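Every chain is numbered from 1, with letters handed out A, B, ... down the list of sequences. Just so it is clear, the structure is predicted and the values come from calculations on it, not from any experiment.
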Protein chains: 2
Amino acid sequence: MGRIKTENNSSRKDVIIKKAAELFKEKGFKAASMRELAEVVGVEAASLYNHIRSKSELLHLICFNVANRYNLMMDEVESEKTTSLQKIEKIVRFLIAGMVHNFEEVYVSDREWKYLTEPYLSNFQAQRRAYRKRFAAIIEDGIKKKEIKKIDSTTAVLIMLHAISGIESWHRSKEKINGKELEENMITILVGGLRK
Amino acid sequence: MGRIKTENNSSRKDVIIKKAAELFKEKGFKAASMRELAEVVGVEAASLYNHIRSKSELLHLICFNVANRYNLMMDEVESEKTTSLQKIEKIVRFLIAGMVHNFEEVYVSDREWKYLTEPYLSNFQAQRRAYRKRFAAIIEDGIKKKEIKKIDSTTAVLIMLHAISGIESWHRSKEKINGKELEENMITILVGGLRK
DNA sequence: AATTTACGCTAACATATGTTAGTACAAAAG
DNA sequence: CTTTTGTACTAACATATGTTAGCGTAAATT
């Protein structure tokens, strides 16, 4: 057959990663086979290995791509001179936008990271923990400054992150409200629920 | 080897289902093998088939067990003469309690249902949809009666259900706050975020 | 135009997996 | 005690899976 079609200076490897994210999201990492991936890419399974080292490389590329973006976002938010509530709102909006526009990748990173192999697994978990701590610290700061209700910050982080990852169902649903509307609803409930 | 040990008039099949839920939760349905399950049950893989029909039977037993409990709970809540907010609080408390006390089973039903086979898959999805609709209807009722902020009820349901399923992370975490405290925190944020 | 590189193919591998067949023996029922 | 039933075992199966080896050809480089 012909070669893998690329577009806009993305490499063939990028194409494979993109399709892998879609497949892993749909079937789950373990249930998705390299032969299936090959088929959606339009090539034989063995040919994939001219571009990637292994199936698990695909997973860790996807996961760390997302993790890196989150870290950069956190750096940015922390450096801003805004109120805690504004910071939280910015984080939540960023996460929602990620869920809406980079859905497959974010979803896979969220749900399938446990199939990472060492040392990537430990590394990923550490980043995840660190990132949640930073989020919790912002909330605690807001509580100290009396902008935010007195609640357990760890629980609040947990609620917000998981509520957002629930946008998955929104993707599945037929009677979709639009993305912007979804975002405003979530801000109302999540951020509104914190405000003192 | 010896036989599967049962206790308190639970059948050997029940023991297998329980262990299967633990294993499916830990490894994911696809990644968990019957040989692994056999090992934790303390028996050879082939012996499991004296008690169950197939691996996928295990999954659908787990999923429908949870689904049935949810439906019963919904029936009960709907029949009560309480305010919408009280109904919502009751649902949320029920769900949190389920997450805390029947963790493995609920987790599997939440995350692994997509590996159900037909006709169970369609049936399960239908029940899930119905159950969410009922939940949303309660919220809409509360909005109509001005107990609840004017928000999109579907989004609110989505947020609450996923926030609760995030208790998974609470199970993993070391510095666990206690279950009751977690529950109160979640009620504050989730139900508090709805109140007008 | 000649050479090198990139990339696709077929074939095959080793292993893992769900499941069945057939057998032996312990527990329960009579 | 004898019979029947339940339950565990070993062996084997068919299939699916990730991956590698080796080869040919189109694309890129010189």
Return yes if a side-chain donor-acceptor contact under 3.5 Å exists between B/Glu181 and B/Asn185, otherwise no. no
Any side-chain donor-acceptor pair under 3.5 Å between A/Gln86 and A/Thr83? yes
Evaluate the ring planes of A/His60 and A/Tyr120, with Trp represented by its six-membered ring, and classify them as parallel (under 30°), tilted (30 to 60°) or perpendicular (over 60°). parallel
Assign A/Ser33 to base, sugar-phosphate, or nothing according to its heavy-atom contacts below 4.0 angstrom with the strands shown. sugar-phosphate
Short side-chain N/O contact from B/His51 to OP1 or OP2 of D/dA8, under 4.0 Å: yes
For B/Arg35 and B/Arg12, find the nucleotide of DNA chain D closest to each by heavy atoms; which residue's nucleotide sits nearer the 5' end? B/Arg12
To the nearest Å, how far apart are A/Lys30 NZ and C/dG18 P? 11 Å
Can you classify the ring geometry of A/Phe94 versus A/Tyr70 as parallel (below 30°), tilted (30 to 60°) or perpendicular (above 60°)? perpendicular
Tell me the interatomic distance from B/Glu44, atom CD, to C/dG18, atom P, rounded to whole angstroms. 14 Å
Choosing from D/dT7, D/dG18, D/dA27, which nucleotide comes nearest the side chain of A/Met34? D/dG18
Surrounding CD of A/Glu39 (heavy atoms of other residues, nucleotides or ligands, distance under 6.0 Å), is the total greater than 12? no
Looking at C/dC9, I'd like to know if its phosphate oxygens (OP1 or OP2) sit under 4.0 Å from a side-chain N or O belonging to A/Ser47. yes
Provide, to the nearest angstrom, the distance between the CG atom belonging to B/Asn50 and the P atom belonging to C/dA21. 13 Å
Please state how far atom OH in B/Tyr49 lies from atom C1' in D/dC13, giving the value in whole angstrom units. 13 Å
Send over the distance from B/Lys27 NZ to C/dA16 P, rounded to a whole Å. 12 Å
When the distance from CD of B/Glu39 to P of C/dA16 is rounded to whole Å, what number comes out? 14 Å
For A/Ala32, answer base if it contacts any base atom (sugar-phosphate contacts may also be present), sugar-phosphate if it contacts only those atoms, and nothing otherwise; contact means non-hydrogen atoms under 4.0 Å. sugar-phosphate
Between atom CD1 in A/Ile16 and atom C1' in C/dC7, what is the gap in whole Å? 10 Å
Whole-Å distance separating the CD atom of A/Glu36 from the C1' atom of D/dG18: 13 Å
